[in-house]
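Taking it in order: structure first as structure tokens, then the write-up.
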Amino acid sequence: RSLFATALAVSWLPAAGALATTAFPVTVVNGVCANPLCKHEMHPVTLFIGMHQVNLGCAGEGSRHSFTYDSASQDFMLGFGVQDNGWYWRGAGAPATAQNPDNAGMQVMLTSSCQVSTSASVAGGEPPDARKLIAVSGKQGTDGHCEISLSRVEPQGLCVAGSGAKQCGGPCSLFPGTACSSASADRGATTCHS
């Protein structure tokens with residue numbers, strides 16, 4: 001390739017400052033407190049950012065997490081995951097081998113102007129839908145920083161798995177004992193917020 005052809009090709013490239021920004025700072029602020037029906041819930045929300053899991057507390061210390069969201073990165077092709085850590089029944093089409101009950105999940109996608117959209121979890125096997133439990137909103141600061149707020153949906157759109165001593169009991173495959181729940185033995189038993 002001639003020097004002229006190279007110079008001509010380079011002249012058609014946008015200036016470095018004109019390239020679209022795909023990475024921007026984000027802080028997630030969790031206002032979702034532990035579900036009062038789930039007495040063993042320690043962290044009400046978990047974020048899935050790429051291959052990293054971040055547990056968030058409710059209001060105050062441990063309720064915020066900051067990271068760089070890069071829509072051009074493979075880690076953010078499907079946004080980031082938000083999980084409600086209560087125990088809920090999977091959908092009717094869940095395979096018999098799926099962990100059931102399970103935590104509720106969803107995907108959160110952002111634009112550089114801090115616009116938020118959500119979709120069902122990419123976990124597969126009809127996991128419980130966290131969009132029925134958690135509302136997500138975004139606000140962009142004057143410095144371009146994006147603040148994402150998580151809040152509890154009222155009324156909640158899912159009832160926890162189990163009832164009585166098994167209310168919000170985790171799956172027996174993870175928590176063997178009398179307070180655990182299994183789809184084969186307890187499916188259909190739920191406890192709802194009144």
Side-chain angles (χ1 to χ4, degrees), residues 6-35 41-86 88 90-91 93-95 98-99 102-154 156-158:
T6 302
L8 183 60
V10 169
S11 71
W12 285 97
L13 292 175
L19 292 175
T21 301
T22 61
F24 50 94
V26 171
T27 298
V28 175
V29 181
N30 182 37
V32 175
C33 294
N35 186 327
E41 188 175 302
M42 295 179 64
H43 301 283
V45 169
T46 299
L47 302 178
F48 291 83
I49 303 167
M51 296 302 292
H52 303 285
Q53 293 182 29
V54 179
N55 290 320
L56 293 179
C58 166
E61 190 175 331
S63 66
R64 302 170 69 89
H65 182 71
S66 297
F67 60 95
T68 299
Y69 186 98
D70 187 352
S71 59
S73 166
Q74 192 169 0
D75 283 346
F76 294 97
M77 284 177 54
L78 301 169
F80 64 94
V82 174
Q83 175 177 283
D84 177 297
N85 289 323
Y88 308 90
R90 285 177 173 262
Q99 176 180 299
D102 203 352
N103 304 126
M106 69 174 145
Q107 301 303 121
V108 176
M109 288 73 61
L110 305 174
T111 67
S112 60
S113 61
C114 205
Q115 292 178 332
V116 175
S117 61
T118 61
S119 66
S121 172
V122 296
E126 291 195 47
D129 191 345
R131 295 176 295 176
K132 296 178 178 182
L133 302 164
I134 299 174
V136 184
S137 61
K139 178 178 73 175
Q140 188 170 35
T142 55
D143 61 355
H145 195 98
C146 180
E147 183 172 290
I148 302 300
S149 296
L150 306 179
S151 59
R152 184 69 75 189
V153 169
E154 295 295 343
Q156 293 184 33
L158 292 176

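Just so you know, these numbers use all the heavy atoms, side chains as well, and skip hydrogens, waters and symmetry mates. Quick caveat, the model's predicted, so the values are computed rather than measured. For reference, positions follow the sequence shown, starting with 1.
For the pair V122 and Q107, the tightest heavy-atom approach, listed with the atom from each and the gap, is N-OE1, 3.5 Å. Here the closest non-hydrogen pair linking C58 and S63 is C-CB, 3.9 Å. A pairwise comparison of heavy atoms in I148 and C114 identifies CD1-SG, 4.1 Å as the closest pair.
Side-chain atoms of N85 come within 3.5 Å of backbone N or O of H43 as a donor-acceptor pair. Remark: side-chain polar atoms of N30 are paired, donor with acceptor, to backbone N or O of G57 under 3.5 angstrom. The backbone N or O of S112 lies less than 3.5 Å from a partner atom in the side chain of Q140, making a donor-acceptor pair. Checking side-chain atoms of E126 against main-chain N and O of G93 turns up a donor-acceptor pair under 3.5 Å. A donor-acceptor pair under 3.5 Å is formed between the side chain of R90 and the backbone N or O of G125.
Applying the 6.0 Å contact sphere to NE2 of H52 captures no more than 12 heavy atoms from other residues, nucleotides or ligands. Within 6.0 Å of CD on Q74 lie no more than 12 heavy atoms contributed by other residues, nucleotides or ligands.
Ion pair K132/D84 not flagged as a salt bridge, since none of the NZ, NE, NH1 or NH2 atoms sits closer than 4.0 Å to an Asp/Glu carboxylate oxygen.
The aromatic rings of F67 and Y69 sit tilted relative to each other, their planes meeting at an angle between 30° and 60°.
Note that CD of Q156 and CG of N35 are 5.0 Å apart. Values are rounded to the nearest 0.5 Å.
In this structure, a donor-acceptor pair under 3.5 Å is absent between the side chains of T27 and H65.
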